Amino acid sequence: MNACFLRKIPGLTLHLDLQCYRNDAGVTMQDHVDLEKTYNPQTVEGATYQKWLDNSCFASKPDERPRAQRFTIVIPPPNVTGALHLGHALNNTLQDILIRWHRMQGHNTLWLPGTDHAGIATQAVVEKRIRSNENKTRHELGRDELVSRIWQWKDQYEKRILSQLQLIGCSCDWSRTRFTLDDGLARAVRHTFFEFFKQGLIFRGKRLVNWDTQLQTAVADDEVYHETVKGYFWHFNYPVKDPKPGEPTHVAIATTRPETMLGDTAVAVHPDPEGDLNRTEKELRLRLEKASAKERPEIETQIETIAERRSSHLPLLKQLSEMAKDGRTLILPLMEREIPLVADIWADPLKGSGCVKITPAHDPNDYEVGQRCDLPMTNVLNPDGTTNANGGEYEGLSFPETRKKVVADMDARGLLIEIEEKETEIGHSDRSKTAVEPYLSDQWFVRMGNLAQAAMDAVTDGRVRFFPERYAKTYLDWLGEKRDWCISRQLWWGHRIPIWYCNTCSNEDIEAAFGDNPTIHTVFDEEQGTWLICSQEEDLRSDAIPGHTLQQDEDVLDTWFSSALWPYSTLGWPDRTADLDYYYPGSVLITSRDIITNWVARMVLTGLYNMGEIPFDHVYIHAKILDGRGETMSKSKGNGVDPVDVVHVYGADALRYSIADMATDTQDVRMPVDYICPHCGHLTPQTSVVPNGKQPADVSRVTCGKCKQRFATQWASDAIKTELPVAKETSEKFEIGRNFCNKLWNSARFAFMNLQDTGYEQIEIATLLPEDRWILSKLSATIRECNSSLAQYHYSQAIKVIRDFFWDSFCDWYIELTKPRLYGEQAAGHTKQILAFILDQILRLLSPFAPFITERLWEELNRLTPQRGLPGVAELDSSNMLMLAAYPPADGWPQLDDETILASFERVQEAVRGIRDLRNKCAVPPKERVTADIKAEQEQLNLLEPQQHVIKAMAGVDRLALLTEAERPKNAGTTVVGPLQIFVHNISDDEAECARIEKELSSIENRLSSVKSKLSNEKFTANAKPEIVEAERQRLVDLERSYAAAADSLEKLRK
RNA sequence: GGGCGAUUAGCUCAGUUGGCUAGAGCGUCUCGUUUACACCGAGAAGGCCGGGGGUUCAAGUCCCUCAUCGCCCACCA
């Protein structure tokens, strides 16, 4: 069977195109257990997911349940730039675990899915593709065509993303899937913009932005990365206009960007160079006093530099400073423009010549100077990165060309003093990888002051809590700067800014057209001489005002503007919907630390503004997934592994289990990536084929390390991909998950083979066998700890607790101990009922982590033993669907708790391990049964007595004697385990025993002396907590007893 | 430059408010194909808890300091 299945979802057709599921896993078997010997996820996952969908298990709608029993998460909407990688798998697995856990606790649980249009990122990806495939720019294509192409891209990747989420088992309410450019969300965006605008929180202003000359858009600071580039430092002379006698004829300045001099509108010198040097020196001397020996030389050098400057530069600077105050001017060479010499503190007397050229339109600091000194701003850059008309004869040249010519021309005029080599950090656009230019342009801003303060308050007063707590600092520090938020982007893909301009309209025209329209707000912009018309509800027609033409702003909004509304725009806001009332605020937001500021902070901020309430109670920040070289996974680097590949190889549960296991609070997850050879299946580590300094995306062909055949990577061109098969990627790390699932599968198989005619009876716990009471008590503790770990977002801890219980206690001990009873070698007791109960609880505990396999096993368990539990002690609901069954209670099953049995069984386990160790050391064949004596005080023997059968079964002992007095039998192996002395008959000889006991004695001696010295220390006994001292005393007693026993054996042996 | 984090077994990581002999998984070694599972079982070896100081009866854990690595923010005529 090979039927890929399609599924219908309102408004969406999702297609699991990457994996074809079979449904032939013996689902209909009735009479005998016929599970495959090895768990095969592919026969289970598709069918199980379909079953959940068919039964609407993921859907949520408002009902009577009170707020405490509701649980809501909105997904961090993945960008539709591309398919998801393992970082997303981590993020969404963690959400799904919480969602499923709460759903099983009977909460009304909503996980709302969706995707983000990711303005600049998506447009860049599509534009790049069109450039390489069709050799066309977006301008050649036109706005409408480009946008329609991006919609096609979006449709394709949204589908892909949602199917990836389904493949890893996400239990989102798919009927509520949203996209940040949906009509509903567009309305929310407009309402927010409108309200901000009306309240004066949005303004339009000239600001320096990072201009991406390739994409021709402003990019946000966080979309700019810095790269060290080898560059030069050019020293120029600017002539002084009409120098008086005794005055310098030229002022020297230095620059790394000579082309910007065309836009210079001043040269600055410090207003008080001497005072500034004095102040700096004073500070340095203060630092020197406190400095460590290592820092000293550097500070001393700086102080010397100041001294040198005093003689070399200061006189001139003082003179220039006076000239500046006197209003003197310079001639800007090349442009032959008169520019002022200004006094401003930005000029650092310690740097360069002490004078600095000021280009307000092209440098953030110069911009500030321009503001302070009221300088004109001369923009010399065109949006496409060429010099504009303000650059005079340089107009039309690209910036690099301009630079060359400027330097050459300056040199020709004798104004070039020197060229110094210098490494500089140049900002590059994250999207286009080209250098960004600071560029003065009209942009829209949100005034952050009060909005930011409110968002800060929500965290400082604890309404919103961060887990781990320290991330609150990141959030608060960033918001504390209250920097205005530039929300306009010169892009075509996004929410269009709902502003129209009319520069011909009169007051009366505006009044007549919109005067009584509450959904329109108008402001007259004096500076630009134009009306700004903001429309809340709909597009305005260009002829909305008779006789005038309205023009809509060309820009779109920053993607984060719509993302910021996500927690409520997805629930119907701005309408006051029932959903909104019921589900808002959400319970927790789960995301990674890099968008705490951009996204989390802004959601809180708009949530408070629009809804009057925080958007979520908790923010859980999880680790990041790194590749084998320690770099974060990302699409652009090409080290992102498709979770679908991992699901193919190991199964979704294995993926989820492994992820949960690795998800600790502090540590990023390092995940070495391997290529799976499509020819032979051999794994080739990515690090072994990616050269130093290169990214995986740079590699398109790989030769398999084993079969030597070649294959393509996912980054190869289409041509290579048709020529060579494409390798999937994975990581061996997921083996732990696969192994776990297989173990679970097989332990369940074992149970199913033995669960015919399981009873459902009243059981007196105290009358049960010790191993029954032990496993039940262990179970209860495990349930408690698992629940409390999850409540604190300690996923890794939760999974570890379950694993230890399942693997170590249940499989390795309890199941082994049920065998004699199930096989009729021992009275059966309530074995089956308890076995079924434990398995039931394990499946429930694991369901959020590994939903597919547990659901499948649940089906089988339900068929074999529909009624499970311990009447009157641990009563269970019955549910056809595990994912809707009750999660084991947060407090465990108190009636099953039994500290005494836990302690005494522990002792039995130690004895068994002691005997096993002896057998191993003495090379006793595993099948061979041995005779053993245990010598101890009566009190200890009383504890062991009821558990003799455990020791016998688990240690391969056929005859066991518990004795208060015993001698080492000839040729017995001996060991001391706490208060027990154990003799295993006929497995050793005297010589070997002597050596072993001597070794043991010396180890006991070491410990003994440390305990003794502790106890003889009066300060210890006086200061330590009484229970600590008491424990230490007990330890001394135990050790002394062990020592005596071992010494006794040795002595007799020597005789 | 400012902030945050990390440094524990060959590898990847746990280690809750200081308190028994510092743990797990993988890998390695020995033994075992037993009727749930070799994607398994039994056992073992393997650690100056990055270095140095300090506080304390007691430090992997708290404080200071140095070193190395990572991330975030700011800035660089």
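In what follows, chains carry the letters A, B, and so on, assigned in the order in which the sequence lines appear, proteins first and then strands, with residues in each chain numbered from 1. This one's a predicted model, so the numbers in the text were calculated from it and none came from an experiment.
- Across the P atoms, B:G27 and B:U68 are found 35 Å apart, a figure rounded to whole Å.
- Counting non-hydrogen atoms under 4.0 angstrom, A:K624 reaches nothing in the nucleic acid.
- Of the C1' atoms belonging to B:U30 and B:G54, the separation is 46 Å, rounded to the nearest Å.
- Residue A:R470 is classed as a sugar-phosphate contact, given heavy-atom separations below 4.0 Å to backbone atoms only.
- Residue A:I736 is in sugar-phosphate contact alone, with no base atom involved, counting any heavy-atom pair closer than 4.0 Å across all strands shown.
- In this structure, A:R1007 does not reach the B:U21 phosphate: none of its side-chain N or O atoms is under 4.0 Å from OP1 or OP2.
- At a threshold of 4.0 angstrom between heavy atoms, the contacts of A:E816 include nucleobase atoms, whether or not backbone atoms are also involved.
- Cation-pi geometry between A:K819 and A:F750 is met: the NZ or CZ atom falls under 6.0 Å from the ring centre, inside 45° of the normal.
- Considering only side-chain N and O atoms, A:R483 lies under 4.0 angstrom from the phosphate OP1 or OP2 of B:A74.
- In this structure the side chain of A:L744 reaches within 4.5 angstrom of the side chain of A:I842, judged on heavy atoms.
- Atom-to-atom, CH2 of A:W813 to C1' of B:A42 comes out at 11 Å; the value is rounded to the nearest Å.
- Nucleotides of RNA chain B nearest to A:A268 and A:F750 differ in position, and the one nearer the 5' end is that of A:F750.
- Side-chain atoms of A:Y232 and A:E420 include no donor-acceptor pair closer than 3.5 Å.
- Contact of the A:L1015 side chain with the A:F1020 side chain is registered, since non-hydrogen atoms from C-beta on lie closer than 4.5 Å.
- Within the 4.0 angstrom heavy-atom criterion, only backbone atoms of the sugar-phosphate kind lie near A:T255; the bases stay farther away.
- Scanning for salt bridge (Lys or Arg N to Asp or Glu O under 4.0 Å) contacts around A:R372 gives A:D344, with sequence neighbours left out.
- When the P atom is used for both B:G53 and B:U16, the distance is 25 Å, rounded to whole Å.
- Contact annotation: A:N739 side-chain N/O to B:C40 OP1/OP2 distance is under 4.0 Å.
- Ring centroids of A:Y657 and A:F849 are separated by 6.0 Å or more, keeping the two rings apart.
- Using a 4.0 Å heavy-atom cutoff across all strands shown, A:K733 reaches sugar-phosphate atoms only and no base atom.
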Writing each nucleotide of RNA chain B 5' to 3' as (, ), [, ], | or . by Watson-Crick or G-U pairing under 3.5 Å yields (((((((..((((.....[...)))).(((((.......))))).....(((((..]....))))))))))))....
Would you mind writing out the side-chain donor-acceptor pairs for residues 347-362 of chain A within the sub-3.5 Å range, not counting sequence neighbours?
residue, atom, partner, partner atom, Å
A:D348, OD1, A:L350, N, 2.8
A:S353, OG, A:A252, O, 2.4
A:S353, OG, A:C355, N, 3.2
A:S353, OG, A:C355, O, 3.4
A:K357, NZ, A:T260, OG1, 2.7
A:K357, NZ, A:D264, OD1, 3.0
A:K357, NZ, A:T359, OG1, 3.0
A:T359, OG1, A:D264, OD1, 2.6
A:H362, ND1, A:P438, O, 3.1
A:H362, NE2, A:N379, OD1, 3.3
A:H362, NE2, A:V380, N, 3.1

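- Taking atom C1' in both B:C75 and B:U17, one finds a spacing of 41 Å when rounded to whole Å.
- Comparing A:Y39 and A:P349 by the nucleotide of RNA chain B that holds the closest heavy atom to each, the one mapping nearer the 5' end is A:Y39.
- As rounded to the nearest Å, B:A59 and B:G18 have C1' atoms that lie 6 Å from one another.
- Base contact: A:K743 has a heavy atom under 4.0 Å from a base atom.
- Residue A:W807 places at least one side-chain N or O under 4.0 Å from the OP1 or OP2 atom of B:G41.
- Distance CG/A:L86 to NZ/A:K733: 12.0 Å, rounded to 0.5 Å.
- Between A:N742 and the phosphate of B:C39, there is no side-chain N or O to OP1/OP2 separation shorter than 4.0 Å.
- In this model, the phosphate group of B:C37 is approached by a side-chain N or O of A:K37 to a distance below 4.0 Å at OP1 or OP2.
- For the OP1/OP2 pair of B:G25 and a distance below 4.0 Å, the side-chain nitrogens and oxygens of A:R803 include at least one atom meeting the criterion.
- One finds no side-chain N or O of A:K819 lying less than 4.0 angstrom from the OP1 or OP2 phosphate oxygen of B:U34.
- For A:D812, taking side-chain heavy atoms from C-beta onward, the closest of the listed nucleotides B:G19, B:A36, B:A42 is B:A42.
- The aromatic rings of A:Y650 and A:F734 lie tilted to each other, with the angle between the two planes from 30° to 60°.
- Within 4.0 Å of A:A1031, counting heavy atoms only, lies no atom of the nucleic acid at all.
- Comparing the C1' positions of B:A36 and B:U28 gives an interatomic distance of 28 Å, to the nearest angstrom.
- In this structure, A:D366 reaches neither bases nor backbone, as no heavy-atom distance under 4.0 Å exists between it and the strands shown.
- Comparing atom distances between the A:D917 side chain and each of B:C40, B:C39, B:A44 picks out B:A44 as nearest.
- Looking at heavy-atom distances under 4.0 Å, A:R919 makes no contact with the nucleic acid at all.
- Comparing B:A36, B:C39, B:C57 against the side chain of A:A1024 picks out B:C57 as the nearest.
- At a threshold of 4.0 angstrom between heavy atoms, the contacts of A:C741 with the nucleic acid are absent.
- Atom NZ of A:K1019 is separated from atom C1' of B:U56 by 10 Å (rounded to the nearest Å).
- Regarding A:K927, its NZ atom lies at a distance of 9 Å from the C1' atom of B:U33, rounded to whole Å.
- The shortest distance between the side-chain N/O atoms of A:Y823 and the OP1/OP2 oxygens of B:A36 is below 4.0 Å.
- Residue-environment remark: CD (A:E469) stays at or below the threshold of 12 foreign heavy atoms within 6.0 Å.
- If you take atom C1' in B:C64 and the same atom in B:G23, they sit 29 Å apart, rounded to whole Å.
- Distance check on atom P: B:C57 versus B:A45 gives 36 Å, rounded to whole Å.
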